[in-house]
Amino acid sequence: MPATTAETVARCQTLFDDLDFTAARAWKEAAPGRKVVGFLPVYAPLELIHAAGCLPLGIFGGGDRMEVIHGDAFYQSYICRIPRSTVELGVTGRLDFVDGMIFPFVCDVIRNLSGMWKIMFPQVWTKFFDTPQNFDPEVGGAYYIEELKELREGLERLTGRPITDAALRASILHYNENRRLVRAVYDFRANAPWKAPASEVYLLMRAGLMMPVEDHNGMLADYLDAAEAEDRPRRDNVRIAIYGSFCEQPPLNLIKSVEMAGCYVVEDDYALVNRFLTEDVPVDGDPIEALATAYLTKSVETSCKYVPREEDKGRFHIAQIRKARAEGVIYASPSFCDPALLDRPMIARRLTEAGIPHISFKYAENSGQMQPIREQAGTFADSIKLWS
Amino acid sequence: MSDAVKEPSMLLQKELIARNYDAITSARETGRKVSSTFVPGNLNELLLCFGIVNNLPEINAIQNGMRKLSGDYIMTAEKSGHSEDVCTYVKADIGMMGKGNIAPNGKPFPNPDVLLLSYTGCYTFMKWFELLREEYKCPTLMLHVPYEGDGQSTKNMRDYIVKQLKEVIIPGLEEVSGVKFDIDRLREALRNSARAEDDLVWVLEQGKRTPSPIDAYFGGVYYIGPIFTAFRGTTDAIDYYRTLRAEVQARADAGLGPLMPDGTTLSEQKYRLVVEGPPNWTHFREFWKMFSDEGAVVVASTYTKVGGMYDFGFRHDPDNPLESLADYCLGCYTNRNLPSRVEILTKYIEEYQADGLLTNSIKSCNSFSAGQLMMMREVEKRTGKPGAFIETDLVDPRYFSAANVKNRLESYFQMIEQKRRGGSRAA
């Protein structure tokens with residue numbers, strides 16, 4: 001019998017709350033020779049980790065459930081919180097079962113954290129993963145293909161096993177299915193947001209970064225069926241999109257507070273890795289080239305990617321907002337987040353030009369005081385209802 | 001504060017910089033094209049091939065910081081929606097635009113004809129020029145320089161940069177300037193670069209002497225001026241570094257320390273430091289004086305490697321021109337991973353016989369700052385020499401707390417003394 005939404009969400013909440021990563025540890029212990037590879041936001045080609053026979057494990061900070069004691073000793077007050085809590089996870093032994101760590105290009109803080117990890121945890125295979133900022137297949141594409149091959153070789157060394165093209169194609173198929181289901185959940189929420197609250201969808205997506213993709217695919221399908229079948233009260237909320245939250249994640253209470261303030265979240269950039277590629281990756285050619293081409297030509301616009309043409313800046317956001325029929329945007333970014341905060345004036349300008357109401361505020365993953373958030377979001381929702 | 005006493009090399013540099021600002025601000029009259037670009041990954045030799053004048057927003061921000069203008073500019077940018085959390089170079093630049101975009105020579109900057117986004121070692125560069133192109137509506141040429149995450153460059157990285165130079169940068173500069181690329185002209189400029197680089201390295205390595213005839217941080221920012229900006233690849237730079245070398249040689253022969261802004265020399269050197277991180281520019285002389293008053297001289301620094309790292313042997317190579325530009329970009333200090341930076345600092349402490357490592361952590365600059373506390377502890381562990389940490393900002397005067405910095409420096413010097421006496425407890 002398929003799980004109810006409440007059962008699925010409860011399972012996700014358990015995974016989300018567990019900063020000892022019990023499920024991932026159990027996966028590793030279930031068979032000899034298994035390896036776990038952690039990855040940070042925003043994008044890593046999880047297909048390669050999966051094809052290596054490893055469990056990709058999303059390391060998205062410690063949220064508001066972990067007291068950071070050691071991590072603060074590594075960072076100045078003006079640096080965001082996700083590296084502190086990640087260090088805290090490391091030095092407290094919570095990641096002692098993780099065999100490899102991938103630090104994708106996001107910003108200089110995460111970039112430098114990759115070097116810190118090499119020094120602090122020399123037994124862990126640690127990789128800074130740079131994606132191209134040139135999107136010409138002959139230039140950036142050629143570079144990226146070699147970077148993917150290097151990543152593949154690194155994973156092969158970690159496991160002691162080759163990653164065959166056939167295995168990679170099979171993994172791509174699983175992730176294509178995952179992306180289709182993730183998009184289906186987002187579409188479902190955009191159509192009936194009262195049936196798929198943002199906090200539930202968020203937990204569903206975060207849980208997917210801590211379990212085998214095959215399991216997550218089943219979970220997503222069950223959730224869609226169950227959510228469709230359930231009757232939930234429809235409120236007089238406004239429809240909003242949330243951007244700026246692609247790296248350090250907000251506390252779950254912040255998402256709930258925005259909803260309680262009268263907003264249906266119909267679009268967001270939380271935990272973006274599972275929809276970074278916007279279409280299926282073909283499996284009929286060279287799989288490495290296919291992954292590279294998908295990144296170059298079929299991926300989201302976000303702050304850690306260069307936008308080559310000025311006229312295209314923010315175009316992706318506007319299209320997503322229109323598609324989800326959002327009435328306004330909350331640009332919610334972590335404090336001291338260079339990518340989000342440097343982008344904010346440009347995105348805000350594009351939103352203004354497009355006539356889309358918007359507000360902004362900052363948070364940290366451990367923000368505790370939600371009253372100001374509720375007031376801002378509530379006032380924003382009221383202003384949309386009254387004047388838009 | 002009285003006017004600084006200047007050596008001939010400093011006067012020469014002042015004249016070079018003034019000449020470049022005049023070339024920039026008169027570009028519309030002379031018909032020359034103007035680029036904006038960055039110090040790390042600066043492709044000045046290439047710009048010379050096209051007769052394009054090189055304007056560097058970071059240098060403008062520094063100028064405005066030293067002239068006490070940046071605070072107002074930053075607040076202007078913040079009022080227009082730029083976050084208080086982000087780089088103050090960017091905000092000083094954008095705020096300056098809002099106040100008429102006036103160059104240090106009192107004339108307005110022309111809008112750039114091209115933004116040469118040499119994206120090397122600093123995430124903010126990418127956004128800075130995305131922001132500027134909204135205002136200037138001019139072509140933006142992006143050169144993506146991959147980060148040396150595993151501690152060394154690879155053939156793939158180098159090939160990628162060379163390909164971008166061939167496919168994007170050079171055709172783009174040809175189009176902007178109307179000048180056809182001449183690789184022999186580039187070779188000639190690179191030959192000039194290498195000669196100046198030899199002398200720069202010689203100068204910086206004089207910090208190994210006792211007493212040191214240079215200050216590799218406060219004095220160092222002057223030494224790197226021409227080679228980090230619009231003069232690398234010119235005969236002007238060769239002349240400048242020859243002059244500088246002669247001055248340093250004369251001081252070394254006389255057993256003198258570096259010349260201070262008040263005209264004295266710092267020859268009684270009680271503490272020899274290695275400094276990590278950029279300086280504060282809004283209170284530059286006051287900051288320097290906190291060191292010199294205590295008899296502290298900086299014998300090596302990492303900031304003087306941010307626009308090119310030459311002391312481990314790299315030179316621009318006229319026989320491999322584009323590959324050499326790629327290697328230059330890859331090797332800039334903040335494009336190196338943290339284990340490499342720790343190794344560099346450790347080597348400096350040992351080879352320059354320093355008493356310890358001082359980190360000036362800059363609020364604006366995560367590229368430098370993120371990880372510095374761990375780096376300091378690691379260097380302390382490897383060298384046995386004490387480290388200390390101060391916090392300031394590049395050009396935001398709100399983040400320079402003189403009393404705080406002075407207090408920490410004094411404590412640090414006491415710690416070094418205690419260490420010398422064999423004390424086990426830090427101050």
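Every chain is numbered from 1 and lettered A, B, ... according to where its sequence line falls, protein lines coming before strand lines.
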Chain A: which of [options] shares the most heavy-atom pairs with it under 4.5 Å?
options	value
B/N156, B/T140, B/D150, B/N366	B/N156
B/P146, B/C87, B/P139	B/P146
B/G371, B/S367, B/G121, B/G81	B/S367
B/E134, B/E391, B/M374	B/E134
B/E84, B/E130, B/K163, B/M142	B/E130

If you compare all heavy atoms of [X] against all heavy atoms of [Y], which two are closest, and at what distance to 0.1 Å?
X	Y	value
B/H144	A/D130	NE2-OD2, 3.8 Å
B/M126	A/S303	CE-O, 4.0 Å
A/N112	B/A370	ND2-O, 2.9 Å
A/R111	B/C122	NH1-N, 4.1 Å
B/R133	A/P308	NH1-O, 3.1 Å
A/D338	B/T124	OD2-OG1, 4.0 Å

Could you look at [X] and say if it's the side chain, the backbone, both or neither that has a heavy atom under 4.5 Å from chain B?
X	value
A/K305	backbone
A/V106	backbone
A/I79	side chain
A/F129	neither
A/S335	both
A/N134	both
A/R350	side chain

A/E156, CD: over 12 other non-hydrogen atoms inside 6.0 angstrom: yes

If you measure from [atom1] on [X] to [atom2] on [Y], what distance do you get to the nearest 0.5 Å?
X	Y	atom1	atom2	answer
B/E167	A/D136	CD	CG	7.0 Å
B/M157	A/E147	CE	CD	5.5 Å
B/W128	A/L342	CH2	CG	10.5 Å
B/Q164	A/Q133	CD	CD	9.5 Å
B/K155	A/E146	NZ	CD	8.0 Å

Check: B/Y147 ring centre within less than 6.0 Å of A/F128 ring centre: yes

Could you tell me which of [options] has the largest number of non-hydrogen atom pairs under 4.5 Å with chain B?
options	value
A/P132, A/P83, A/S77	A/P132
A/C107, A/A73, A/S114	A/A73
A/Y78, A/Y75, A/F74	A/Y78
A/S360, A/P339, A/P345, A/S333	A/P339
A/C337, A/A348, A/A142, A/C304	A/C304

Heavy-atom contact with chain A under 4.5 Å, split by part of [X]:
X	result
B/I161	neither
B/N337	side chain
B/T154	side chain
B/F129	neither
B/E378	side chain
B/L143	neither

Worked check of salt bridge (charged side-chain N to carboxylate O under 4.0 Å, His left out) between B/D85 and A/K362: CA-CA 10 Å; B/D85 291 354; A/K362 294 191 290 185; 2.8 Å; yes

Chi angles and distances behind the salt bridge (charged side-chain N to carboxylate O under 4.0 Å, His left out) call for B/E135, A/R349: CA-CA 12 Å; B/E135 303 296 327; A/R349 190 179 304 189; 3.4 Å; yes

Aromatic ring pairing B/Y160/A/Y143, orientation class (parallel under 30°, perpendicular over 60°, tilted between): parallel

Basic-acidic side-chain contact under 4.0 Å: A/E138, B/K166: no

Worked check of side chain to side chain contact (heavy atoms under 4.5 Å, CB included) between B/Q372 and A/Q76: CA-CA 9 Å; B/Q372 278 176 329; A/Q76 303 88 319; 3.7 Å; yes

